[in-house]
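Data first, discussion second: the structure below is written as structure tokens.
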Amino acid sequence: MDLTGKRVFLTGGNRGLGRAIMEALLSEGARVYFCSLQAEKGKSLEAELQDRHGSSSVFFRQCDVSDADQLKKTFDDAVSKLGWVDICINNAGIMDERKMEDTIAVNAVAQIRGSQLALDHMRRDRGGRGGVIINVVSETGFKPVYWVPVYTASKHAVLGFTTSWAKNPRMSEMGVRWRCVCVGSVDTDMIHPTEEGQMVDQSTFVIPFALLIEMSEYVAAFLKMLRDQAHDDVIFEIQNGTGGRFRKRQIVDSDGVSNPVTVD
Ligand SMILES: NC(=O)C1=CN([C@@H]2O[C@H](COP(=O)(O)OP(=O)(O)OC[C@H]3O[C@@H](n4cnc5c(N)ncnc54)[C@H](O)[C@@H]3O)[C@@H](O)[C@H]2O)C=CC1
Ligand SMILES: CC/C=C\CC(=O)/C=C/C=C\C=C\C=C\[C@@H](O)[C@@H](O)C/C=C\CCC(=O)O
């Protein structure tokens, strides 16, 4: 897919992975509407990026994605500012095991709701133009991770939702593609818990430095995934040194050899 002129809705764009993807998309000639919780930071980033890419290339609105009404108004505003949305990236997320309801609300419910808003807007069978819906999940979307069980549950929820919609036999008629970006660890603010309790057994959790994924590798892999329209696969895994790849899940018997079932 040529990204020039594509219209993108992105949640959680003011820092970390979201910001890096937004800057890369703008450099490719896309137009981006982003939201995040922090109003001041978002506004100043919008001004900085408008200086660099033009005033009609990037728009910001403060939004708490866990508030259904705010998210709908924000998505509607994106459609009104951009004309339409081709690519929806549900990226906003938090990691704090002490805040179960917030974690489920931001990581799971808001990404699901964002996907539903985008699907309603994009569906060709209801007058839309088609598009792609990308949920930024995590390796924890399909792996158990004992340090962050609530976070892991929230990511499993989005993976289940996204892969289920992608199976809909009428999806080609709807003209919508679905992706779950399942990335390992990238060095952003999120992976540096500052308070005891944000992770379970925090003292035992160390990701070897060599396994961390460079932001530049994350961005390159993400763009490769976006350009690739050939795959029906939903899960796009980004691990250190792989450049990113589409993957399927299999369930095998406990003996490890017989009757493997492909899930996706
Ligand atoms: N950094 C990593 O190693 C990994 C991150 N991820 C996922 O990537 C996504 C982005 O994470 P990072 O950039 O690392 O984190 P970050 O903490 O740097 O950025 C999170 C973004 O989400 C936004 N956000 C949080 N709560 C919000 C709310 N209620 N309403 C609106 N915006 C809200 C923040 O404003 C911020 O822009 C998250 O979904 C995270 O779970 C997945 C796997 C690994
Ligand atoms: C197994 C993790 C899978 C997916 C990533 C994800 O979604 C969530 C990760 C959450 C937390 C990671 C925390 C890591 C914390 C630390 O122990 C360090 O290993 C971070 C290490 C180095 C950062 C670079 C540095 O400052 O030296």
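Ligands are counted one by one from 1 in listed order, and the atoms in each one are counted from 1 as well. FYI, side chains are in, hydrogens and waters are out, and symmetry mates aren't considered; it's all heavy atoms of this structure.
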Query raised in the report: Is Arg19 touching ligand 1 with its side chain, its backbone, both, or neither, if touching means heavy atoms under 4.0 Å apart?
Result: neither
**Report entry** Note, Thr163 side chain near Trp178 side chain (heavy atom, < 4.5 Å)
**Finding:** no
Query - Close side-chain approach of Ile87 to Arg7, heavy-atom, < 4.5 Å - result: no
Requested in this report: Using a 4.0 Å heavy-atom cut-off, say whether Cys63 meets ligand 1 through its side chain, its backbone, both or neither.
Outcome: backbone
Query - Atoms of ligand 1 close to Ser185 [distance to a heavy atom under 4.0 angstrom, numbered from 1] - result: 3 (O)
**Report entry** Atoms in ligand 1 flagged as close to Ile94, the criterion being non-hydrogen separation under 4.0 Å
**Finding:** 25 (C), 26 (N)
Query raised in the report: Which of the numbered atoms in ligand 1 are below 4.0 angstrom from a heavy atom of Val136?
Result: 7 (C), 8 (O), 9 (C), 39 (O)
**Report entry** Proximal atoms of ligand 1 relative to Ile191 (non-hydrogen, under 4.0 Å)
**Finding:** 1 (N), 2 (C), 3 (O)
Query raised in the report: Would you say the side chain of Leu3 lies within less than 4.5 Å of the side chain of Leu223, judging by non-hydrogen atoms?
Result: yes
Query - Shortest heavy-atom approach to atom 20 (C) of ligand 1 - which of Gly93, Ala92, Ala20 - result: Gly93
Query raised in the report: Looking at Phe75 versus Phe9, is the centre-to-centre ring distance below 6.0 Å?
Result: yes
Query raised in the report: Hey, is Gly184 one of the residues with a heavy atom under 4.0 angstrom from ligand 1?
Result: yes
Report task. Go through ligand 1 atom by atom and flag the ones less than 4.0 Å from a non-hydrogen atom of Asn14. Result -> 34 (C), 35 (O), 36 (C), 37 (O)
Report task. Have a look at ligand 1 and work out which part of Val183, if any, has a heavy atom under 4.0 Å from it: side chain, backbone, both or neither. Result -> both
Report summary line: Tightest non-hydrogen contact, residues Ser27 and His53, listed as N-CE1, 3.9 Å
Report task. Would you please test Lys43 and Glu46 for salt bridge (charged side-chain N to carboxylate O under 4.0 Å, His left out) and show each step? Result -> CA-CA 5 Å; Lys43 271 277 154 212; Glu46 177 190 50; 3.0 Å; yes
Report summary line: Under 4.0 Å between heavy atoms, the region of Asn91 that gets near ligand 1 turns out to be both
**Report entry** Heavy atom of Val181, distance to ligand 1 below 4.0 Å
**Finding:** no
Report task. Would you indicate which of Val137, Val186, Val148 comes nearest to atom 42 (C) of ligand 1 when only heavy atoms are counted? Result -> Val137
Query raised in the report: Charged N to carboxylate O below 4.0 Å: is that the case for Arg249 and Asp264?
Result: yes
Report task. May I ask you to list the atoms of ligand 1 that are less than 4.0 angstrom from any heavy atom of Asp64? Result -> 28 (C), 29 (N), 30 (N)
**Report entry** Minimum-distance pair of heavy atoms, taken over all atoms of Asn107 and Val158
**Finding:** O-CG2, 3.2 Å
Query raised in the report: Using heavy atoms and a threshold below 4.0 Å, how should the contact between Gln38 and ligand 1 be classified: side chain, backbone, both, or neither?
Result: side chain
Query - Gln38-Asn14 side chain donor-acceptor pair, cut-off 3.5 Å - result: yes
Query raised in the report: Does even one non-hydrogen atom of Met95 get within less than 4.0 Å of ligand 1?
Result: no
Query raised in the report: Taking the six-membered ring for Trp, is the centroid-to-centroid distance between Phe142 and His156 below 6.0 Å?
Result: no
Query - Check against side chain to side chain donor-acceptor pair (under 3.5 Å), Trp147 and Thr204 - result: CA-CA 8 Å; Trp147 298 285; Thr204 65; 3.0 Å; yes
Report task. Examine the proximity of ligand 1 to Val106 and report which part, side chain or backbone, both or neither, has a heavy atom under 4.0 Å away. Result -> side chain
